[in-house]
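A quick write-up on the structure given underneath.
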Amino acid sequence: RPYFVGDGQRIHSGHGAVAFSEAFRWRSRRMKRYSLGVPTPSGVMEWTRSGDDVFLRLDPGEEIHASLQTLADEIGFDAAAITSGIGRTRDSTYGYMDDDHHYHRRTITGGSELVTLQGNLARRENGDAFTHLHATFSDDNLTPHAGHMFEATVHVVAELHLRLLTEAIMTRCPLENSEFVALKFD
């Protein structure tokens with residue numbers, strides 16, 4: 001039976017399970033894996049890239065915003081859509097902005113499941129990477145908590161996907177009389 005892997009390469013085998021494991025081993029050898037070399041309690045952030053897609057794993061002790069900003073500086077990109085993120089975090093601070101442009105924060109101090117993560121990354125006017133993230137957390141009672149994510153530290157693991165926006169020119173600029181940092185397009 002023919003099996004196709006990613007770029008159309010065929011692997012033949014008479015046994016489906018063997019073919020799958022062979023295909024997985026073959027594909028794993030071809031993928032590029034990178035490490036930022038930033039020490040964490042359990043190792044270093046690792047990521048892989050396929051075109052404009054970046055998939056990364058964060059380990060215990062890594063803060064999500066800081067890790068994404070470090071990744072942007074190391075890879076050298078200015079804009080990205082953070083399309084998904086899952087894992088288990090602790091000390092997760094989330095909240096909302098009221099009608100007067102002031103943020104209200106709540107913190108889950110223990111561990112919680114990171115059920116969804118999405119947002120974007122752009123540069124501030126001074127060139128620093130800025131992440132704007134929204135998340136849904138689930139505490140150990142399976143109660144959901146959602147909103148703007150201010151901070152979250154990886155407790156077990158976090159797995160995130162980014163789509164680099166290589167042609168986009170986006171800048172984050174503070175708004176007058178607001179805690180919000182607006183996204184502007186050039």
Kindly give the heavy-atom pair with the smallest separation between [X] and [Y], and that separation in Å.
| X | Y | value |
| --- | --- | --- |
| Arg124 | Thr171 | C-CG2, 4.0 Å |
| Arg90 | Thr109 | CB-O, 4.2 Å |
| Leu133 | His65 | CD1-CE1, 3.5 Å |
| Glu113 | Gly87 | OE1-O, 3.4 Å |
| Leu114 | Gly85 | CG-O, 4.0 Å |
| Ser92 | Thr89 | OG-OG1, 2.7 Å |

Sub-4.5 Å side-chain heavy-atom contact between [X] and [Y]:
| X | Y | result |
| --- | --- | --- |
| Glu63 | Glu151 | yes |
| Asn120 | Thr131 | no |
| Leu164 | Arg49 | yes |
| Arg105 | Tyr96 | no |
| Glu125 | Pro174 | yes |

### Query
Does the separation of the ring centres of His148 and Tyr94 fall below 6.0 angstrom?
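Distance test on ring centres: not under 6.0 Å, no.
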
### Query
Aromatic ring centroids of Phe137 and His145 under 6.0 Å?
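They do not qualify: ring centres at least 6.0 Å apart.
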
Examine the side chains of [X] and [Y] and answer whether a donor and an acceptor come within less than 3.5 Å of each other.
| X | Y | answer |
| --- | --- | --- |
| His161 | Ser84 | no |
| Ser67 | Thr70 | no |
| His101 | Glu179 | no |
| His104 | Asp98 | yes |
| Glu62 | Thr153 | no |
| His132 | Arg172 | yes |

### Message
Within a 6.0 Å radius of atom CG on Asn126, are there more than 12 heavy atoms belonging to other residues, nucleotides or ligands?
### Response
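Yes - once you tally the heavy atoms of other residues, nucleotides and ligands closer than 6.0 Å, there are more than 12.
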
### Task
Given side-chain contact (heavy atoms from CB on, under 4.5 Å), test Leu117 with Ile86 step by step and report yes or no.
CA-CA 7 Å; Leu117 179 74; Ile86 57 173; over 6 Å; no

same_hphob_cluster([X], [Y]) at 4.5 Å side-chain heavy-atom cutoff:
| X | Y | value |
| --- | --- | --- |
| Phe130 | Leu160 | no |
| Ile75 | Leu58 | yes |
| Leu56 | Val157 | no |

### Task
Using modelled atom types only, decide if a donor and an acceptor are shared between the side chain of Asp139 and the backbone of Asn141 within a distance under 3.5 Å.
yes

### Identified side chain to side chain contact (heavy atoms under 4.5 Å, CB included) partner of Phe77 from the options Thr166, Val54, Leu162, Leu165
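By the side chain to side chain contact (heavy atoms under 4.5 Å, CB included) criterion, Phe77 pairs with just one of Thr166, Val54, Leu162, Leu165: Leu162.
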
### Message
Between the side chains of Arg57 and Asp59, is the shortest nitrogen-to-carboxylate-oxygen separation below 4.0 Å, so that they form an ion pair?
### Response
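Yes, this pair counts.
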
### Task
State plainly whether the residues Asp52 and Arg163 are in salt-bridge range, i.e. N to O under 4.0 Å.
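Salt bridge absent between Asp52 and Arg163.
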
### Task
Give the C-alpha distance, both sets of side-chain angles, the deciding distance and a yes or no for ring-ring contact (aromatic ring centres under 6.0 Å, His included) between Phe150 and Tyr103.
CA-CA 10 Å; Phe150 295 99; Tyr103 281 113; 5.0 Å; yes

From [X] atom [atom1] to [Y] atom [atom2], the distance as rounded to the nearest 0.5 Å:
| X | Y | atom1 | atom2 | answer |
| --- | --- | --- | --- | --- |
| His102 | Ser178 | NE2 | OG | 8.0 Å |
| Cys173 | Arg123 | SG | CZ | 14.0 Å |
| His134 | Gln118 | NE2 | CD | 8.5 Å |

### Task
Check the pair Met149, Thr93 against side-chain contact (heavy atoms from CB on, under 4.5 Å), reporting the backbone distance first and the verdict last.
CA-CA 6 Å; Met149 190 180 89; Thr93 302; over 6 Å; no

### Task
Please step through side-chain contact (heavy atoms from CB on, under 4.5 Å) for the pair Val181 and Leu175, ending with a clear verdict.
CA-CA 6 Å; Val181 183; Leu175 292 179; over 6 Å; no

